[in-house]
Amino acid sequence: MEIHHLQLQPIVAKTLQEERRHGEWATEICVPNDLNATAEIVSKEAMVLAAVETIWEVFKSTDISLEVSTFHKNGARLPAGEVIARISGAARTIIKGERVALALLSHCCGIASTVAACVARLDGCQLLADRSVGASDTLLLEQAAASIGGVCSHRLGLGDSVLVSAKHAQLAGGSKQAVALLRESLSPTQKIAVEVNQLEQLQAASDAGADLVVLHDLELAGVSFAVRTLRNQTLTAATGEIAASMVADYAATGVNFISSETIIRNAKRAKLALNIML
């Protein structure tokens with residue numbers, strides 16, 4: 001998943017504005033206006049690189065005259081001590097862009113690295129690190145970072161897939177009725193998922209003829225039972241607060257997909273440094 005400059009620019013602009021809303025007195029007073037320098041962004045630990053394009057966008061938004069070079073592409077697996085980018089020009093504007101560039105980059109590299117570690121522990125199961133609900137200025141960057149890490153980006157928003165929740169089924173008169181109504185109204189190519197949050201709902205979800213049964217917030221034992229019950233009938237997805245440390249256990253149940261916002265939300269920021277040389 002690539003992010004175009006036109007998508008990235010407003011994210012960076014808003015982040016820079018928030019960073020500077022109280023002024024940058026130390027930079028303005030302590031760093032001479034005519035002082036030039038060269039800086040390097042360096043990895044301080046092994047990581048998967050993501051959102052490298054934010055480096056160029058941040059520093060060029062800070063000062064168009066800065067020279068910015070990046071040395072690796074998104075998805076590169078970097079060792080500790082690797083130079084990711086070099087920035088040359090006015091020392092003052094390099095410092096002004098430092099915090100935002102490192103914040104965005106470390107956040108995205110942390111997500112990509114965490115997701116990649118999860119994917120490496122799966123066997124025949126796809127990871128769907130769903131982060132499609134809620135207002136977040138960095139949502140698009142997070143989705144891109146997760147994609148770089150190896151998830152299957154199944155949706156960008158609530159309208160990208162059809163999910164029959166327990167409330168939908170209740171109000172429609174049952175899962176079967178809800179799915180039938182959707183089949184009548186939607187394109188035949190549109191996939192329909194039915195959510196199950198209690199094991200008693202399994203048979204109704206199976207009988208409804210859904211393309212996917214979403215096992216939401218079920219314990220590991222419940223997911224295992226549901227997968228055995230629905231085997232060869234429909235695809236299954238385990239969703240909810242599934243930690244990165246548990247994805248291999250859930251995958252071992254035979255579930256087809258695991259979807260967890262927790263993996264992205266709890267991903268630790270990658271450790272980066274900006275070293276400056278006069």
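This chain uses plain numbering: 1 for the first residue, then up along the sequence.
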What are the two closest non-hydrogen atoms of [X] and [Y], and how far apart are they?
X	Y	answer
Leu127	Cys118	CD2-CB, 3.9 Å
Ser260	Ile242	OG-O, 2.7 Å
Leu230	Ser206	CD2-CB, 3.6 Å
Asp217	Gly240	OD1-CA, 3.3 Å

Exercise for review: Apply the test side-chain contact (heavy atoms from CB on, under 4.5 Å) to residues Ile55 and Val58: give CA-CA distance (whole Å), side-chain angles for both, the deciding distance (0.1 Å), then the verdict.
Suggested key: CA-CA 5 Å; Ile55 298 172; Val58 168; over 6 Å; no
Can you tell me if [X] uses its side chain to pair, donor with acceptor, with the backbone of [Y] under 3.5 Å?
X	Y	answer
Ser259	Leu128	yes
Thr229	Phe225	yes
Ser106	Ala103	yes
Thr70	Ala85	no
Arg183	Gly209	yes
Ser43	Ala46	no
Ser224	Leu220	no
Gln7	His4	yes
Gln17	Ala13	no
Thr234	Ala210	yes

In the structure I gave you, are the side-chain heavy atoms of [X] and [Y] within less than 4.5 Å of one another anywhere?
X	Y	answer
Leu49	Leu105	yes
Val213	Leu235	no
Leu215	Thr239	no
Ser88	Leu66	no
Ser61	Leu16	yes
Thr236	Phe257	no
Val162	Leu186	yes
Phe71	Arg86	yes

Just checking [X]: does its [atom1] atom have more than 12 heavy atoms from other residues, nucleotides or ligands closer to it than 6.0 angstrom?
X	atom1	result
Arg269	CZ	yes
Arg77	CZ	no
Lys176	NZ	no

Exercise for review: Start with the C-alpha distance between Asn74 and Glu53, add both sets of side-chain angles, then the distance that settles side chain to side chain donor-acceptor pair (under 3.5 Å), and finish with yes or no.
Suggested key: CA-CA 8 Å; Asn74 287 328; Glu53 58 269 41; 2.9 Å; yes
Nearest-0.5 Å distance that lies between atom [atom1] in [X] and atom [atom2] in [Y]:
X	Y	atom1	atom2	value
Asp63	Ile94	CG	CD1	8.5 Å
Ile84	Leu78	CD1	CG	5.5 Å
Cys30	Leu35	SG	CG	12.0 Å
Cys108	Ile148	SG	CD1	7.5 Å
Gln170	Ser175	CD	OG	11.0 Å
Leu212	Leu163	CG	CG	8.5 Å

**Study point:** Val247 and Ile263: CA distance, side-chain angles, deciding distance, side-chain contact (heavy atoms from CB on, under 4.5 Å) verdict
**Key:** CA-CA 9 Å; Val247 293; Ile263 293 172; 3.7 Å; yes
Point to revise | Donor on one side chain, acceptor on other, Glu241 and Thr262, under 3.5 Å | key: yes
Review point. Which residues pass the side chain to side chain contact (heavy atoms under 4.5 Å, CB included) test with Asn197, sequence neighbours left out?
Key: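 Side chain to side chain contact (heavy atoms under 4.5 Å, CB included) check on Asn197 returns Ala166, Glu195, Gln201.
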Review point. Residues two or more places apart in sequence or in another chain: which of them pass side chain to side chain donor-acceptor pair (under 3.5 Å) with Glu28?
Key: Arg92, Lys96
**Study point:** Residue list, side chain to side chain donor-acceptor pair (under 3.5 Å) with Thr253, at least two apart or on another chain
**Key:** none
**Study point:** Full working for side-chain contact (heavy atoms from CB on, under 4.5 Å) between Val214 and Val196
**Key:** CA-CA 6 Å; Val214 177; Val196 166; over 6 Å; no
Check your understanding: Among Val68, Thr93, Val12, which residue meets the side chain to side chain contact (heavy atoms under 4.5 Å, CB included) test with Phe59?
Key -> Val68
Exercise for review: Evaluate side-chain contact (heavy atoms from CB on, under 4.5 Å) for Glu40 paired with Ile87, printing each intermediate quantity in order.
Suggested key: CA-CA 6 Å; Glu40 291 181 341; Ile87 307 98; over 6 Å; no
